[in-house]
Engineer: 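Right, I'll just put the structure down here and ask away after.
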Amino acid sequence: MKKYFLALAIMVTATGMKAAGLTASYLRCEYKENPVTDVPAPRLSWELSSNQSDQLQTAYQIIVASSQNALNESKADLWNSGKTASRATYQVEYAGKPLKSGQRCYWKVRSWDKNGVAGPWSQVARWEMGLLDKSEWKAEWIGLDLDHLGKGKVYHLPPAPYLRKKVQVKPAIKRATLHVTALGLYEFSINGKKIGDAFLTPGWTDYDKRVYYQTYDVTSNLKSGANALAAQLSYGWYAGYLGYSLLVQNPVVRAFYGKVPLLKAQLEISYQDGTSETLVTDQSWKASQGALLESDLLNGETYDARLEEKGWNTAGFDDQKWKPAQVFPDKPERKLQVYPGPPVRITQTIAVKTTNRRPDGSYIMDMGQNFAGIVRLKVKGAAGDTIQLRFGEKLHPDGRLMTENLRMARATDTYILKGDPNGEIWEPKFTFHGFQFVQINGLRQAPDSQTLTGLVIGSDTPKVGTFETDNAMVNQLYSNIDWTQRANYIDIPTDCPQRDERIGWTGDAQVYVKSATFNRDVASFFTKWVVDLNDGQRENGAYPLYAPAPDLRKTDTFSPGWMEAGIICPYQIYRAYGDTRMISQGWPYMTAFMDFLEKRSNGAYVFKENAFADIDPKGGFGDWLSFGKKTPPDLLASFYYAYCADLMSEMAEATGNIKGKQHFTATAAKVRKAVLAHYTDSEGRFKCDQKAYGDGAGYVDGALGFTGHTQTAYANAIYMNIIDPAEMKKSGDRLAELLRENGGKLATGFLGAKPLLPALSATGYSDMAYKLFLSKEFPSWGFEVENGSTTIWERWDSFTKEDGFKYNAAMNSFSHYAFGAVCEWMFGNAAGIKATRPGFAEFDIRPEIAPDGMGREGISRLAASLRTMNGMIVSEWAKTQNGLTMKVVVPVNTKARIYIPRFSEGQIFVNSREINQSKQVKILGKEQGYTLVEVGSGTYEFIAPH
Ligand code: BGC
C-alpha cells in the first residue's frame, strides 16, 4: 500500500513538472559560464528544454543580485527585469543598475511557455566585473632586461625572467582577487602554486593598442602571514620570434613590440573586518633568472634543471641575491581589458602509440595524431644528462623525422637533468609545436609508455558539433577537420601550428569561419579576434593580410580574398549566434573598408584586370594553391566586393540601420551589374582580358595564364549570388562541365574549394558534389585520408604517391584548415542543417542523400548534431530497404522546415503516423523532390518509402 502511494506521488510530481513549462539551463554571460567581464552591459543567454513538443518562450524574467542571498524577487538589488514578453533567450543585455569594478552578479532566469505557464527558476549563475577604468590599475610594469644574453648564431634567445615578492597578509581574508597580465607571456603563482589553468596568457594583441588581463579568485591560495607572489615571464608574441620574418630576412625578426617581457599584477584583498588592501607589482619586487634558459613560441624551450633555485616561489626563500625588479613606463593609449576569448588550455592528453629506435640511438615516438601542443617528459638520469626533443608531422620514407617543413622554426625543447634519483618530470610553459612524431635524444634507457605524454593545447572552444556516417573515410575526414581547427585556434585563428608562420592569416580565417561554427562554439573566440582584425586595419581601410598585424615583411599589405575577413567573420558570427554587437562595434571599420573598395574601383564598381598590380604579390594571392590556369584575382576581388556589399546590407538591417541597408543594397546591385558587364561574354560565360596580364610575371602562378572560365569562378559566382537567379542553373552546368573536362577532379584553391560543393548542390548537382566528396583519388579530401592523414593538409599535393613530399622545404603544412572548409557543405548540405534566421532561431533541414550504388564507398547512414544558441539540433538519415528514415530534433523556441526526400507517391510517416493524419507537422507542399513540412520543437522520425 505504502509503495502504491509513493508511486502515485512520483507520478503526480512528474505530471506536475510537465505542467511547469520550460526549464532554463546552461546560463551564460558573454558566451561564457560564470565569467569575469568588463563589458558594461553584458549579454545573457540560456537554453530551454521542455518535455512537450512545439514549445516556445513567450516571456522571461531575469533577476540579478549582488549576493546569492539577495537573489529573489523582492530583494534583487541589481536588476529585476520583471515578466518581459519576448522570445529572446540570447543576446539579452543586462539592463539593471550600472555595474562597478569587481561587482559580483548572481543571476537566474525563468521562462513562460506558449500557454503562459511559468517554468521553474533556473539554477544560479554568476559573473564578475573586472576593472572598468584603467586608473584603477595601481600596479606597474615590471621586468628584468636580459636581452643582452642569449645571442646565438642563428637565434637570439635570452633567458626567461623570474619575479617574486614576499607579502604579509592579515588574518581573516574575506576575498582575494588577482588581476594579472604581461607584455609577453606569464605564469603566476602564489606560494608555489600556479594560478589558473590557462596557457599562453594573456594572448596576442596589438600591444600598442591593448593588452588583455586575467582575473582570478585567489582567496583560497592565500594564508594569513607571509605569502609569496611569483611569476615567470616569457617573450611570447610580444618580444619573441614571429612568423616568417627570419626566413624572409626582414630587418626585424623578433621583439616586434618590445624587447623585455613585463608583468603587471594587482592583488586586491578584503578582510572580514571590512578593511581591504591592494598589493601591486612595483620596484619592491625581486627579479632574477633561473632554469628556463631559452623560451620562444617558434623555437622552443631549454631548461637546465641544475639551475633551479629550490622554493624560489615560496615565502621562505631568501631572495637577497636577487636584483630589484626594473619598472618600465606604460603607454597611456594602451587599453587594459579583460580577455574576451575562451582561455587557451591543455584540452587533452595523448599517450604514445609506438616507439622506434633510430640508428643514432635516438627514438622516434608516434602520438598517432597530428596536433598542437607540447609533451611532458618523465626521465631518470644523472645531473647534466641532456634530453633533446624534436617535433615533426611526418616521417621520411626511410623513417627519419621530417622537419624541413618547419623552415626556420627551431621547434626544439631541451631538458638538462638535475639528477634526481626519484626521476624528473618537465614540460615547457611558453611554447607549442605542431606534430605527431617526437624524436627524443639523450636517454640512458629505452623510453617506456610514461616517458612522453602529449598535451594538446588550444583555445578551449566547447564542442558543439558531431558528424558520423557509415563511411570510415568520411568519419576520419571529419575528425581531421576538427583536429586541424583545434590545432589552429590558439588564441587567434592561425594558418598552421608547426612552421615559422602560425599567424592569423585573414584569407584562411574567412574561408573557414563558417565551418568552424559547426564544430565548436567559436563566438567568444571571434569576439576576440575580430578586435585584432579591426586593430590591424590599414590606413587605407583594407583589412590586413594577418591579424594581429606586425610588419613581418615590408611588402605585406592586403590582398583580395584575405582583406574581406573583416566583413565576412563578423557576418558569420552574426548568422551563427545572432550577435549584433560585433556588427555595431565593427561598423566604423567595416564601412571604412567598403569605402576603400569603392575608391579602389575608381567609381567603376568592378576591379578590372590588373586593378591590384601594385600589391605584392601582384594581384594578391588569388585562388591560392589552385591547379591549372588561374582565375583572375581581379575577378575574384570583384565577386567579393558584391558579396561584402550584400553582407553589409544584411548586417545594416540587423542593427536597424535602414540607410545603411539601402546604401549597400544599391552598391551590391551596381557591382553585380558592372562585374557581369565586364567579365562575362554574350553567353554568360566568365572571361577576362588575358593580354592585360602579359606573361603573368609577378602574379602567383602567373605563368600558367588566366581565364575567367574556371571551377573557382563559377563556384564563387553561384555561392555569392553574382549571377542572375535565372542564369544560375546555366552556371551550374558550366561548373559541372568544367569538372567533367578535368576528369571529374577539382582544381580549386583556397578561394574556390569552399564554395565548390555548395555551388554544385545549389544547381542540381548534388551527386557530383558527393562524388568529389567521396573520392579517394588525388586531388581530394579522401586522398589525404587514404594516405594516413589525421589533419587537413595545406596543399592538395602536400604528399603524392609520385612525388612524395616535394614541397617540404618551402611550404608544406600538414595542419592547415583552409581546405577543411568542406565542413560547411557536410553540415549544410549532406546533413542539410541551414539557419534561415540568425542563431538558428529558424532553420531548414534539407538533407541531400548520397547517391546509391556506391557500396562501401558511399554513405547509407548519416547522423549530425549541432548545439546552437537555441539548443541541440539533430539531423539524421538512413537508407533502408524500404526507403529512407529521418530523425530530426528541433529545439524549444525554434521552428524548422523539414525537407523529406520523396522517392515515390507512397505515404510518408512521421512518428509512426501517416503524415497527413499527423497534428505534429504542417505540410507546406512539395518542392524539388522533397515533401516540405513545418514543425515546432520536438523529435520527429520520418519514414519515406521507395
Ligand atoms: C600561409 C597561408 C596564407 C598564405 C598567403 C601562407 O604561407 O600559410 O595559409 O594564407 O601564405 O597566401
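Both counts, for ligands and for their atoms, begin at 1 and track the order of listing.
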Engineer: Please list, in number order, the atoms of ligand 1 under 4.0 Å from a heavy atom of Glu794.
Structural biologist: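 Once the distances to Glu794 are compared, the set is 8 (O).
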Engineer: In terms of atom number and element, which parts of ligand 1 are under 4.0 angstrom from non-hydrogen atoms of Arg499?
Structural biologist: 1 (C), 6 (C), 7 (O), 8 (O)
Engineer: May I ask you to say whether Asp595 pairs ionically with Lys599, meaning some side-chain N is under 4.0 Å from a carboxylate O?
Structural biologist: no
Engineer: For atom 7 (O) of ligand 1, what is the closest protein heavy atom, and at what distance to 0.1 Å?
Structural biologist: Glu501 OE2, 2.6 Å
Engineer: What atoms of ligand 1 come closer than 4.0 angstrom to any heavy atom of Met811?
Structural biologist: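 Here the atoms of ligand 1 in question are 7 (O).
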Engineer: Check whether Tyr244 forms a cation-pi arrangement with Arg553 (NZ or CZ under 6.0 Å from the six-membered ring centre, at most 45° off the ring normal).
Structural biologist: yes
Engineer: Closer than 4.0 angstrom: is that true for some heavy atom of Tyr244 and an atom of ligand 1?
Structural biologist: no
Engineer: Tell me which one of Trp483, Phe827, Phe773 satisfies ring-ring contact (aromatic ring centres under 6.0 Å, His included) with Tyr478.
Structural biologist: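 The single option meeting the ring-ring contact (aromatic ring centres under 6.0 Å, His included) with Tyr478 is Phe827.
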Engineer: Any salt bridge between Arg600 and Asp614, counting N to O under 4.0 Å?
Structural biologist: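 Here Arg600 pairs with Asp614 in a salt bridge, since their nearest N and O are under 4.0 Å apart.
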Engineer: Which protein heavy atom lies closest to atom 9 (O) of ligand 1, and at what distance to 0.1 Å?
Structural biologist: Asp508 OD2, 2.5 Å
Engineer: Would you call Arg410 and Asp296 a salt bridge, taking side-chain N to carboxylate O under 4.0 Å as the test?
Structural biologist: no
Engineer: Which class fits the ring pair Phe783 and Phe799: parallel under 30°, tilted 30 to 60°, perpendicular over 60°?
Structural biologist: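 Parallel.
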Engineer: Is it true that Arg407 lies under 4.0 Å from ligand 1, counting heavy atoms only?
Structural biologist: no
Engineer: Taking 4.0 angstrom as the limit and counting only heavy atoms of Phe750, give me the atoms of ligand 1 inside it, by number and element.
Structural biologist: 9 (O)
Engineer: Check ligand 1 against Phe621 and write out every atom of the ligand that is under 4.0 Å from a heavy-atom position of the residue.
Structural biologist: 5 (C), 12 (O)
Engineer: Heavy-atom contact check, 4.0 Å cutoff: does Trp562 meet ligand 1?
Structural biologist: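 Trp562 counts as a contact of ligand 1 under the 4.0 Å cut-off.
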Engineer: Run the numbers for me: atoms of ligand 1, each under 4.0 Å from some heavy atom of Trp624, listed by number.
Structural biologist: 4 (C), 11 (O), 12 (O)
Engineer: Given the ring of Phe596, does Arg538 sit roughly above its face, with NZ or CZ under 6.0 Å from the centre of the six-membered ring and within 45° of the axis?
Structural biologist: no
Engineer: For ligand 1, which atoms sit closer than 4.0 Å to a heavy atom of Asp495?
Structural biologist: 1 (C), 8 (O), 9 (O)
Engineer: Is it true that the side chains of Tyr640 and Gln510 contain a donor and an acceptor less than 3.5 Å apart?
Structural biologist: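 Per modelled atom types, Tyr640 and Gln510 side chains form a pair under 3.5 Å.
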